[in-house]
Amino acid sequence: MIECSPSVEETYQTALDRLPPVERIARGMAMLDWTRRCIGRQTVAEKESMPAERLRLEVARRLYRSEPATCRLIDAAIVNLDNHVSG
């Protein structure tokens, strides 16, 4: 009988399981930071340049777009920010 080598996913999962929890969390945080920066660059490319706080909220809006309650809170924060900036 021929044994198959483990898949890339299995190898990755095995290596991940061996990491201490602190390192797993650090990797997750690094991936989240990378994702936020990537979405930030896309947002700026699609829209005009904006203040850092507005960009942070726009990125959050895209990250949480599948959660209506969270999006309502973010939208309210955007309106509040726009009112504060223009007023």
Side-chain angles (χ1 to χ4, degrees):
M1 180 180 244
I2 300 173
E3 283 190 36
C4 295
S5 62
S7 70
V8 171
E9 180 63 29
E10 289 170 333
T11 302
Y12 172 76
Q13 192 59 50
T14 300
L16 192 61
D17 290 343
R18 289 184 183 141
L19 292 176
V22 171
E23 192 168 337
R24 271 193 249 169
I25 291 169
R27 285 174 178 245
M29 294 301 293
M31 287 190 305
L32 179 59
D33 180 58
W34 178 86
T35 300
R36 284 180 177 151
R37 285 185 284 119
C38 183
I39 292 171
R41 286 189 300 272
Q42 289 173 346
T43 301
V44 169
E46 292 168 2
K47 301 178 180 188
E48 71 278 355
S49 181
M50 61 189 76
E53 181 65 14
R54 174 64 186 255
L55 180 58
R56 185 183 71 79
L57 291 168
E58 292 288 343
V59 168
R61 181 81 168 74
R62 286 180 72 174
L63 283 171
Y64 296 102
R65 66 180 165 217
S66 65
E67 298 180 29
T70 303
C71 286
R72 283 191 297 276
L73 291 171
I74 294 168
D75 290 341
I78 289 172
V79 168
N80 187 33
L81 180 66
D82 288 347
N83 289 339
H84 181 71
V85 170
S86 64

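Note that this is a predicted model, so its numbers are computed, not measured. Computed over heavy atoms, backbone and side chain alike; hydrogens, waters and symmetry mates excluded. Counting begins at 1 with the first residue of the sequence.
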Chemist: Would you say Ile78 ends up clustered with Tyr64 if hydrophobic residues are merged whenever their side chains have heavy atoms under 4.5 Å apart, either directly or through other cluster members?
Modeler: yes
Chemist: Evaluate whether atom CZ of Arg27 has more than 12 neighbouring non-hydrogen atoms of other residues, nucleotides or ligands under 6.0 angstrom away.
Modeler: no
Chemist: Indicate every side-chain donor-acceptor pair of residues 43-50 with a distance under 3.5 Å to a residue at least two apart or in another chain.
Modeler:
{"unit_1": "Thr43", "atom_1": "OG1", "unit_2": "Ile39", "atom_2": "O", "d": "2.8"}
{"unit_1": "Thr43", "atom_1": "OG1", "unit_2": "Arg62", "atom_2": "NH1", "d": "3.3"}
{"unit_1": "Lys47", "atom_1": "NZ", "unit_2": "Glu58", "atom_2": "OE1", "d": "3.1"}

Chemist: Let me confirm one number: the CG-CG distance from Leu57 to Asp82, rounded to the nearest 0.5 Å.
Modeler: 9.0 Å
Chemist: Can you list the steps and then say if Val59 with Arg56 is a side-chain contact (heavy atoms from CB on, under 4.5 Å)?
Modeler: CA-CA 5 Å; Val59 168; Arg56 185 183 71 79; 5.9 Å; no
Chemist: Donor-acceptor pair, distance only, cut-off 3.5 Å: does the side chain of Glu23 make one with the backbone of Pro20?
Modeler: no
Chemist: To the nearest 0.5 Å, how far apart are SG in Cys71 and CG in Leu63?
Modeler: 10.0 Å
Chemist: Tell me, yes or no, whether the heavy-atom count around Arg65 atom CZ, taken from other residues, nucleotides or ligands under 6.0 Å, exceeds 12.
Modeler: no
Chemist: If we check side chain to side chain contact (heavy atoms under 4.5 Å, CB included) with Val79, which of these qualifies: Asp75, Asn83, Leu81?
Modeler: Asn83
Chemist: Considering non-hydrogen atoms only, spot the tightest contact between Arg24 and Leu19 and give its length.
Modeler: NH2-O, 3.2 Å
